[in-house]
2 protein chains.
Amino acid sequence: MPYTLKDIAEKTGVSVSTVSRVLHDNSQKYKISEDTQAKVKAVAKSFGYRVNALARGLRTQKTNEIGVIVPDISNPFFSAVIKSVAGELRKKNYNFIVYDSDEDISIERSAIKSLLEKHVDGLVIASVGQDFSHIQKIREANIPFVMVDRCFDDFDADSVSVDNVKGALLAVNHLIKSGHRRIAFIQGLPGTYANETRLEGYKSALTSAGISIDENLIVGDDFRSLNGYLETKLLLKLSNPPTAIFTAGDLIALGALEACRENNISIPDDLSLITFDDPVFTTYLSPPLSAVEQPISKIAEMAIAMLYRRMKNPNDERRKVLLEPKLNVRGSVANISTLAFIPITNNNQTGKEQINKSGSA
Amino acid sequence: MPYTLKDIAEKTGVSVSTVSRVLHDNSQKYKISEDTQAKVKAVAKSFGYRVNALARGLRTQKTNEIGVIVPDISNPFFSAVIKSVAGELRKKNYNFIVYDSDEDISIERSAIKSLLEKHVDGLVIASVGQDFSHIQKIREANIPFVMVDRCFDDFDADSVSVDNVKGALLAVNHLIKSGHRRIAFIQGLPGTYANETRLEGYKSALTSAGISIDENLIVGDDFRSLNGYLETKLLLKLSNPPTAIFTAGDLIALGALEACRENNISIPDDLSLITFDDPVFTTYLSPPLSAVEQPISKIAEMAIAMLYRRMKNPNDERRKVLLEPKLNVRGSVANISTLAFIPITNNNQTGKEQINKSGSA
DNA sequence: TACTTTACTGCAAACGTTTGCGTTAAATAA
DNA sequence: TTATTTAACGCAAACGTTTGCAGTAAAGTA
């Protein structure tokens, strides 16, 4: 039973329309007198009037809300994306609604359903799956959307992500230059865009270096830390174990670290480790983790910018944008090219090959 | 221009009411014949009908949505809380809308305004501020809410948080037992519930141990990592620096670690460190960080449970619930009680004093 | 036969806005 | 004076639902 325009109208003796116009900045367009404006505003204030967004949305067919769906809100990468998106949207006076699909496509499906029912004005999606039939529905519903981080090669949609292939190339090439030849890759969820592209970069780096691909060194099946933990344990059991591991995501790397710690494997002395993603705490790890950094705030800004264009011009050509990754060389990769044992401190010499190309492609 | 009940009604030749009843499980109550049911459902499916949540909410005065407001979505603690809350709500078929107030009370204020305008059915708030006038408005609007993590002593509201005083006591007592007497406290945002209660625990631990409180050792002013970094640098400059630091939150601890690394201060040999909060990566830090863990999923479950009770019984007595913290002793605190230098491995002896009382109070 | 129940469906109001159009009275123009 | 503009506001429809209340025809009961 909040106060409504009608209540204010009755109290002030003007019509509902007039109250509406006063309260929502159409006073000059409809030339409402200063007198009534003051009267209406006073009553509205004393009533603590708040517009009913449902009624307004119903009438105007516009909600001023953007829906955001991510696979895992507790993943530092996605929470950083959300944070940036939130900032961008706030600037433009949009609200947003976040859904966590929990890496589950059926939850993602129902999240999309909910958001469409709510009639959001736009959608930002980091999709979990290999299947995009539910994404199609968004297009059919005629609501603008943009995909981030995870997109589909064979689905024509606005999307923005880091250049995963290049990122993986940077990481694996760094390992190769440091003398590694047996390099394992712990995957994320197979079939997802992020995973397949990173895998592609991994393979491509190896083959260009003339290293044959050993399928036994490509393991794992999701982006969580437990996956990294288990697969690392298994890799260490191999008769001919890898000298380096490249993990597809930060949580996987954490799991790998845990496994190493438990097995008394010292990084980088016994095993080198490098990972995709570069959350805030990598530098505090022991040792600081070498990692491929994604330009998170650029991704968010670009996503919102593209969403805006799409909202303005629904029929523009659709674009897939790739942003440049950056390799941060720290202390978790040993140079084994010349000697078996090299003091850790020497490692910093490789710091000079740090690559820093930021900017968009 | 999505399809509406009216479209379906026209296509099938029945009334809008009938369509509504068929499509939303009131068929048996209104005894709709199997025939019409089938007909309506078929057409609805072929149209890809989706209910308009705005219209429904307007009509029923119920949105099935819960609003959630946190100060910083990228803080691992809060993203974990959100994740748990999301799971709980999903079980009960509620949707939820997250807002990030960015530790800014004016954003928090406008978030509350938005959520009230949207007519959410309930609210979960981790408030940033010292002021609760805007929270009062939620009560005036008569919508159920519960405060988590950060609540107000002098504001009677449902709330659930960890027992901060006890948590701080656990941490500081552990330091004291390890022989420390000069113990610094790097605060979070002064005036907030979390900070003041942790400060209280800190002081209380010192005084019970007969250690006088040195105001020079109580520093800092927010929960971010930069704060920890700066204050640690300053503490190290003191003519009589502390032997141990207790930080009010995980990000502060990260900042402290960074400062120590830069100054070549070895933890725990040169300085002991212990912190409130225990995010997933503490165990991978160098050294693994001793920390006070909050029962995050219990907090979330309890919050939602309380919210439910409040929604059922709006006039129940209000409760403030405190959950038990847990001290996780790891490797970042040195025992200096007997000797100046003790091998790190000895430290694990203190492991037996690990306290693990879970459950609610 | 007459009356009551039952199965099934429709009418229409209501939720709180926004907005095109119309209306009135005063001001201005011719 | 009359015609036209302008300032200020109200009417009423529309957005898409839900739901209490009627209403009708058939079936059951006495």
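Quantities reported herein were computed from a predicted structural model and do not represent experimental measurements. Labels below follow one simple rule: chain letters A, B, ... track the order of the sequence lines, proteins then strands, and each chain is numbered from 1. As a basis for the values below, the full set of heavy atoms in this structure was taken, side chains included, without hydrogen atoms, waters or symmetry mates.
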- request: Let me know the distance between CG of Asn52(A) and P of dT17(C), rounded to the nearest Å.
  value: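 From Asn52(A) CG to dT17(C) P: 6 Å.
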Protein-nucleotide distance (His119(A), atom NE2; dT17(C), atom P), rounded to Å: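 That distance rounds to 19 Å.
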Taking only distance into account, with no hydrogens and no angle test, what donor-acceptor pairs under 3.5 Å do side-chain atoms of residues 140-150 of chain A form with protein atoms, sequence neighbours excluded?
unit_1	atom_1	unit_2	atom_2	d
Arg150(A)	NH1	Glu103(A)	OE1	3.3

field: Partner residues of Glu301(B) under the side chain to side chain donor-acceptor pair (under 3.5 Å) criterion, sequence neighbours left out
entry: none
message: Please enumerate all residues that pass side chain to side chain donor-acceptor pair (under 3.5 Å) together with Lys91(B), with sequence neighbours excluded.
response: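 Side chain to side chain donor-acceptor pair (under 3.5 Å) list for Lys91(B), sorted by chain: Glu88(B).
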message: Applying a 4.0 Å non-hydrogen cut-off, can you work out what Ser20(A) is touching in the nucleic acid: base, sugar-phosphate, or nothing?
response: base
field: Selection residues 63-81 of chain B - residue pairs positive for side-chain hydrogen bond (donor to acceptor under 3.5 Å, both in side chains), sequence neighbours left out
entry: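 The answer is Lys83(A)-Asp72(B), Lys118(A)-Glu65(B), Lys62(B)-Asn64(B), Thr63(B)-Asp121(B), Asp72(B)-Ser74(B).
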Short side-chain N/O contact to [N] OP1/OP2 from [X], under 4.0 Å:
{"X": "Thr4(B)", "N": "dG16(D)", "result": "no"}
{"X": "Tyr3(B)", "N": "dT17(D)", "result": "no"}
{"X": "Ser33(A)", "N": "dC9(D)", "result": "yes"}
{"X": "Lys31(B)", "N": "dA7(C)", "result": "yes"}

field: Strand-adjacent residues in residues 34-43 of chain B, judged by heavy atoms under 4.0 Å from DNA chain C
entry: Thr36(B)
For residues 46-53 of chain B, which side-chain N or O atoms pair as donor and acceptor with protein atoms under 3.5 Å away, sequence neighbours left out?
unit_1	atom_1	unit_2	atom_2	d
Ser46(B)	OG	Val43(B)	O	2.9
Asn52(B)	OD1	Leu54(B)	N	2.8
Asn52(B)	OD1	Ala55(B)	N	3.1

Atom pairs, protein N/O to nucleotides 20-24 of chain C N/O, distance under 3.5 Å:
unit_1	atom_1	unit_2	atom_2	d
dG20(C)	O6	Arg21(A)	NH1	3.4

task: Please name all residues satisfying salt bridge (Lys or Arg N to Asp or Glu O under 4.0 Å) with Lys6(A), sequence neighbours left out, ordered by chain then number.
output: none
query: Taking only residues two or more places apart in sequence, or in another chain, which ones meet Phe155(B) in a ring pair (Phe, Tyr, Trp, His ring centres under 6.0 Å)?
result: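 Expected list: Phe132(B).
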- prompt: With distance as the sole criterion, is a donor-acceptor pair present between the side chains of Ser33(B) and Asp35(B) under 3.5 Å?
  reply: no
